[in-house]
There are 2 protein chains.
Amino acid sequence: MTILRSPRLADGTARGIPDATVARLPVYLRALNALTEQGVGSCSSIELAEKAGVNPAKLRKDLSYLGSYGTRGVGYDVEYLRYQIAREMGQTQDWEVVIVGIGNLGSALSAYQGFSTRGIRVAALVDADPQRVGSTVSGLTVSSLDDLDAIVADRSISIGVIATPGDAAQQVADRLVAAGVTSILNFAPALVQVPDGVDVRKVDLSVELQILAYHEQRKTGTDSKEPKVSNA
Amino acid sequence: MTILRSPRLADGTARGIPDATVARLPVYLRALNALTEQGVGSCSSIELAEKAGVNPAKLRKDLSYLGSYGTRGVGYDVEYLRYQIAREMGQTQDWEVVIVGIGNLGSALSAYQGFSTRGIRVAALVDADPQRVGSTVSGLTVSSLDDLDAIVADRSISIGVIATPGDAAQQVADRLVAAGVTSILNFAPALVQVPDGVDVRKVDLSVELQILAYHEQRKTGTDSKEPKVSNA
DNA sequence: CCTTGTGAAGCTGTTCACAGCC
DNA sequence: GGCTGTGAACAGCTTCACAAGG
């Protein structure tokens with residue numbers, strides 16, 4: 001069973017883009033959108049890399065996985081490159097997502113302005129608490145978790161967001177998968193197990209702060225034995 | 001200017017833990033806390049790795065950067081290991097954070113239950129909008145951005161969270177740095193530039209969904225030429 | 001015997017440096 | 001001349017497989 005994760009060309013379109021690159025393409029997309037708004041028509045890898053906060057060589061390498069969309073000696077056409085990345089990312093269509101758990105975080109996510117311009121549309125809100133079902137949040141009526149199957153099927157939703165407490169996360173994930181969702185973004189502080197073929201990404205708010213706290217601790221040198229190297 | 005990022009021992013305590021390991025230590029901590037709650041006193045690397053969702057070899061390698069806290073042939077003492085990791089992560093003290101931007105997301109973060117049990121305390125809320133200043137959110141009074149210097153100094157806050165719109169992020173970051181904050185968690189969809197010695201971590205909600213959308217697109221096989229290898 | 005701790009191998013991602021092309 | 005695209009070197013992370021040691 002050889003895994004063919006080759007960044008090789010198939011029939012013209014690039015396939016098998018590295019994960020690290022995929023994670024950066026949306027950042028490039030945002031930078032290109034900003035350039036378009038500023039009326040900039042073309043740019044070099046150095047300029048774009050600066051806007052995106054990466055090394056120019058890395059940017060060029062990343063783009064090379066998509067194809068050759070630049071012009072040597074000149075740079076990249078902003079609009080053309082933007083379109084090519086958007087197409088590769090599947091952003092030529094809108095992706096409908098369902099948010100499960102309409103507490104503080106779920107409500108904040110449903111109101112988040114940044115989604116609509118990135119091809120993401122919050123299509124439905126779901127909560128297990130009967131008290132919340134029927135209320136309106138960000139212009140959407142909160143549905144019952146029991147209606148999840150119908151909602152997912154009806155609107156052909158393939159992406160679910162879990163914004164519940166940790167102890168409900170696995171149960172919600174199971175129901176999302178049963179309903180036909182094949183990608184999950186999990187904000188709950190818990191691991192969720194899913195069958196093969198389902199993708200899960202996890203965003204853990206307190207872990208991010210704990211990582212910062214670790215570095216902060218090292219800066220201030222809690223055990224002040226060290227020669228206190230200037231943290232360059 | 002030689003950067004000494006060596007995972008070498010100094011005076012007994014491990015130094016220079018790899019970034020990837022630091023990012024996982026909070027996950028192990030959470031798993032250990034769960035085991036403690038279940039009354040489990042000791043566990044093997046296999047059990048703990050499963051709870052944390054990682055490969056057992058990776059777990060052991062990670063722990064080896066901290067020291068030798070296990071017993072060969074037996075496993076790890078849950079409470080002892082939990083304490084050692086907590087100490088390494090600087091979680092023996094509470095870290096006070098200030099949240100800037102008390103919109104939907106900022107409000108949700110200020111109410112987030114997961115922080116308090118992880119050594120994170122939301123100490124102050126700040127907003128630039130005079131309409132919001134003075135209101136109470138999650139039991140805290142929202143202060144003016146102009147009072148940031150005093151707040152940071154007064155409570156010796158070293159970590160700031162940016163939950164503003166993208167176009168305000170850089171300005172807020174500048175003010176946080178000027179006030180003395182040396183670690184920033186940025187939720188705004190924008191890059192922020194900070195001087196050396198200040199750490200920034202970025203959480204981008206729409207990027208996470210865009211990455212899922214990319215994989216989703218590939219699953220459904222837009223150009224359905226591929227032999228459809230089962231994604232194990 | 002069992003499980004940890006760890007050199008070594010392998011893999012992924014980053015950076016360099018330059019050939020290729022406009 | 002200038003900038004892209006990319007092989008090759010490099011660095012960091014993961015996984016393996018086994019020696020060390022209770």
Side-chain angles (χ1 to χ4, degrees), chain A residues 1-9 14-25 27-28 32 40-78 80-81 84-85 88 211, chain B residues 2-9 12 14-25 27-28 32 35 40-78 80-81 84-85 88 211 232:
Chain A
M1 193 215 272
T2 41
I3 298 167
L4 46 106
R5 201 182 161 284
S6 54
R8 212 158 22 87
L9 296 180
R15 286 292 144 220
I17 298 175
D19 289 345
T21 296
V22 171
R24 282 188 296 266
L25 291 178
V27 179
Y28 303 154
L32 288 166
V40 178
S42 93
C43 66
S44 69
S45 65
I46 296 135
E47 293 166 314
L48 186 53
E50 181 152 355
K51 295 258 180 194
V54 302
N55 180 306
K58 193 191 288 187
L59 170 69
R60 293 201 300 275
K61 180 72 99 180
D62 283 343
L63 296 182
S64 78
Y65 293 118
L66 310 191
S68 292
Y69 297 133
T71 310
R72 292 174 200 233
V74 179
Y76 301 93
D77 181 274
V78 171
Y80 181 58
L81 182 59
Q84 293 299 341
I85 298 178
E88 190 69 40
I211 294 169
Chain B
T2 42
I3 299 167
L4 47 106
R5 201 181 161 284
S6 55
R8 210 159 21 88
L9 297 181
R15 288 291 145 219
I17 298 174
D19 290 345
T21 296
V22 171
R24 282 187 296 266
L25 290 179
V27 179
Y28 303 153
L32 288 166
L35 286 172
V40 177
S42 92
C43 66
S44 69
S45 65
I46 296 133
E47 293 166 314
L48 186 53
E50 183 151 356
K51 295 259 180 192
V54 302
N55 180 306
K58 194 190 289 189
L59 170 70
R60 292 201 300 274
K61 181 69 102 178
D62 283 342
L63 296 183
S64 77
Y65 293 118
L66 311 191
S68 293
Y69 297 133
T71 309
R72 292 173 198 237
V74 178
Y76 301 93
D77 180 275
V78 171
Y80 180 58
L81 183 58
Q84 293 300 341
I85 298 177
E88 190 69 39
I211 294 169

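Just so we're on the same page: letters track the sequence lines, and every chain starts at 1. The shown structure was predicted, so the numbers you read here are calculated from the model rather than taken from an experiment.
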Quick one: [X] [atom1] to [N] [atom2], roughly how many Å, whole number?
X      : N       : atom1 : atom2 : value
I17(A) : dT12(C) : CD1   : P     : 16 Å
L59(B) : dT14(D) : CG    : P     : 12 Å
Y65(B) : dT14(D) : OH    : P     : 9 Å
D19(B) : dT12(C) : CG    : P     : 20 Å
I46(A) : dG5(D)  : CD1   : P     : 13 Å
L63(A) : dC3(D)  : CG    : P     : 16 Å
D62(B) : dG5(C)  : CG    : C1'   : 13 Å
L81(A) : dT4(D)  : CG    : P     : 11 Å

Nearest 0.5 angstrom please: [X] [atom1] to [Y] [atom2], how far?
X      : Y      : atom1 : atom2 : answer
D77(A) : T71(A) : CG    : OG1   : 8.0 Å
E88(A) : Y69(A) : CD    : OH    : 7.0 Å
L63(B) : L59(B) : CG    : CG    : 4.5 Å
L81(A) : L32(A) : CG    : CG    : 5.0 Å

**Prompt:** dT14(D), dT6(C), dC13(D): which one has an atom nearest the side-chain heavy atoms of R24(B)?
**Reply:**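 So the side chain of R24(B) is nearest to dT14(D).
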**Item:** Side-chain touch V27(A)/V54(A), heavy atoms, less than 4.5 angstrom
**Value:**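 No; the side chains remain at least 4.5 Å from each other.
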**Request:** State which residues pass side-chain hydrogen bond (donor to acceptor under 3.5 Å, both in side chains) with T21(B); sequence neighbours excluded, sorted by chain then number.
**Result:**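 For T21(B) the side-chain hydrogen bond (donor to acceptor under 3.5 Å, both in side chains) partners, ignoring immediate neighbours, are D62(B).
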**Item:** Summary of side-chain hydrogen bond (donor to acceptor under 3.5 Å, both in side chains) pairs that have at least one residue in residues 50-61 of chain A, sequence neighbours excluded
**Value:**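 Counting only pairs at least two positions apart or across chains, the side-chain hydrogen bond (donor to acceptor under 3.5 Å, both in side chains) contacts touching residues 50-61 of chain A are S45(A)-R60(A).
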**Message:** I need a per-nucleotide contact map over nucleotides 15-22 of chain D, read 5' to 3'. Cutoff is protein heavy atoms under 4.0 Å; write B for the base, S for backbone only, - otherwise.
**Reply:** BBB-BBBS
**Asked** Is the distance from OP1 or OP2 of dG5(C) to the nearest side-chain N or O of Y76(B) less than 4.0 Å?
**Response**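 Looking at the OP1 and OP2 atoms of dG5(C), one of them is under 4.0 Å from a side-chain N or O of Y76(B).
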**Asked** So does S45(B) get a side-chain nitrogen or oxygen closer than 4.0 Å to the phosphate oxygens (OP1/OP2) of dT3(C)?
**Response**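 Answer no for this pair, as no side-chain N or O of S45(B) is under 4.0 Å from OP1 or OP2.
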